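None of these values were measured; they are calculated from a predicted model. The analysis underlying the following values was restricted to heavy atoms, covering all of them including side chains, and did not include hydrogens, waters or symmetry mates.
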Amino acid sequence: MNPANYLYLAALLFTIGAFGVLIRRNAIVVFMCIELMLNAANLTLVAFSRMHGNLDGQIMAFFVMVVAAAEVVVGLAIIVMLYRSRHSASVDDASLMKL
Amino acid sequence: MESLIGLLVAAPLLGAAVLLCGGRRLDRAGHWLGTALAAVSFALGAVLFFDMLGRSGGERTLHQHLFSWIPVEGFQADVAFRLDQLSMTFVLLITGVGTLIHLYSVGYMEHDARRRRFFGYLNLFLAAMLLLVLADNYLLLYVGWEGVGLASFLLIGFWQHKPSAAAAAKKAFLVNRVGDAGLAIAIFLMFTTFGTFAFGEVLAAADGAGEGTLTAIGLMLLLAACGKSAQVPLQSWLGDAMEGPTPVSALIHAATMVTAGVYLITRSGAIYDAAPNAQTVVVIVGAVTLLFGAIVGCAKDDIKKALAASTMSQIGYMVLAAGLGPIGYAFAIMHLVTHGFFKAGLFLGAGSVMHGMNDEVNMRKYGGLRRHMPITFVTFGLGYLAIIGFPGLSGFFSKDLIIEAAFSAGGVRGWVLGGATLLGAALTAYYMTRVMLLTFFGEERWRHRPTATPAEPDVEPAAGRGAAAPGRASGQTAGQAAGAAAEPHPHESPRVMTLPMIVLAFGSVFAGGLFNWGEAFVHWLEPVTRFEHPHPPLPIPVITGATVAVMLLGVGLAWLQYGRRPVPVTAPRGSLLTRAARRDLFQDDFNHAAFVSGGQHLTRSLVYLDHTVVDGAVNGTAAAFGGLSGRLRKVQNGFARSYAVSMFGGAAVLVAATLLMRAV
């Protein structure tokens, strides 16, 4: 199968993730979309690794997974705390970061 | 002997410093200290004078080099003095008349709380004036010139609680500044042309320079002289300067300071001799001023202002003579000295009259004072005879010589100048006789008549007079109201005031004859100013006869008008010329229209420009940045998703740019 197809799939996944981040208000969903984008990036890396015939991309993908796992830990904790204090998981409710 | 020259200046300067810095503990004796230091200066001057007489004509000039003031490569300014016959004449006049006036002021200012300060200023004035005439270069002369201007400002505005005095001081200072600018420019021109401003070097090199440059220097020096000597067109300050105490008018505005311009022109004679065009302008200025002052003097009812106008006119004579070149310099200085005597005497007499008349200055409220103030009457009368040129008195000799020199100017010019000086002599006789008759003769108009002032048919309405002299008109009505309570009791002044007047009266009588004895004065000045005998187109006895005749004519006319008929206490409306002369021939109106209002419009438009353009630019920039930041602030809305959009947008732009660059 043509490895380029994986790239197309990755681009599609990334776009879906990006739109999800921009459009959805629920912090959990936004978070899931970010994961989707990260995995789209992983897919790209692996695809390029295959296309170029070396393992650099795959190793990089492992790194990304590790970082993503760490990020999930921190991110979910933040979201839970936010929900506890505000009884809402909407990202637009937490809009205090302005002048 | 040279070392004494600096002390001439130092003595009054010390007096000024001590009196002005010494504080109230000097209040009791400060005036005597000031007078004593002026007298010390005069004594030193006399010592130097007799020493100078002991040497022959060519070796009489003394130099004293005190220190190098600004020693720079190619620019040498020294504090150095030069005492020659011309400076000597001025030194004796300034210190002599100055000491007498100090003495007079002791009595005149007796009841003034700030008398010590007054004497400090008088001493400062003497020091500055002596520096002016003793300086050996134009730069040091400029220092004295400015010092004289400062002292004059302080003294005119001495009664600073009067707004009119403060305004007069400011006016004098400003008008003088115009002349000072002329002197500064003349010094710049001299330095660029000759590379120096020492008298000796500049005057020796004057022949070699181009005539255009010399004309420019001459005209600028003339502008300076006009400012200081109150010549047309910078004459307007002198009349207002009479707001100062009367001794100031006598010292500064009659005997010394106003003569600085004549000194400057005479000292720079070599420059004028080589620049005939500048000389012509000097002569014209002198002739115009002598008639201008005389006409104004004919209409003034204020005794001091009439005398001030007369000063202007007499200095016009001197400037005219100085503009005639070597035939006139010595006569100009001679008239200056005799004028110093009789005009100082006249002013002191006027002060004495005011002293006895509760400071009333309106001559129409005098009359018949000769019985009440005999010494003032006699000294004033001798000064009067001297100024109108009564044969045998000082003014006769000096003025007659100037008239002869004016006729000798050659051709049409000689006739015009001679005619102007003769007309001036007639007018002088007229207005001085008027002053004399109004003050000392006639009925005693200061007494309150039992019946109220009879209605005079041709009285000018008060409003009309108000336009002519705003301050005076209100003062007059107020004075009339207050006068009902206090009638003045004219009395003779104390001896400390009459003594200087007597001495000056002697000078007024004998100085001219003494100077003219075998042309002594002319020969005395000849080594400095050079001298050529004038050759008038008419025989000298004819000119002298004409002078005496026009003088008698003026006296007669004044007697017909003011001696034979009773004088109305309120000034009649008068002819068009009288009214114009009362307003100083519209000099203030002219200045106002030509300079003041223009300047005011300029400042107003500049202020407007400042508010709209300069401030507008600054405020506009600030407002623009403020508005822009206000808009930009909206980006920071706190919504995480909108930040995400900008991040994505930015990333997209970066990727697009990278791709674009690679495609290119």
Under 4.5 Å, heavy atom to heavy atom: which of residues 13-37 of chain A reach chain B? Give them by number, or say none.
-> A:Ala18, A:Val21, A:Leu22, A:Ile23, A:Arg24, A:Arg25, A:Met37
Atom CE of A:Met51: over 12 foreign heavy atoms under 6.0 Å = yes
Does CZ in B:Phe188 sit with more than 12 non-hydrogen atoms of other residues, nucleotides or ligands closer than 6.0 Å?
-> no
Hey, is NE2 on B:His161 packed in by over 12 heavy atoms from elsewhere, all under 6.0 Å?
-> yes
B:Phe191, CZ atom: more than 12 neighbouring heavy atoms under 6.0 Å | yes
Take atom CZ in A:Phe62; do more than 12 heavy atoms of anything else shown fall under 6.0 Å from it?
-> no
For B:Arg114, does the CZ atom have more than 12 heavy-atom neighbours from other residues, nucleotides or ligands under 6.0 Å away?
-> yes
Only one of A:Asp93, A:Val91, A:Asp92 passes side chain to side chain contact (heavy atoms under 4.5 Å, CB included) with B:Phe639, and that residue is A:Asp92
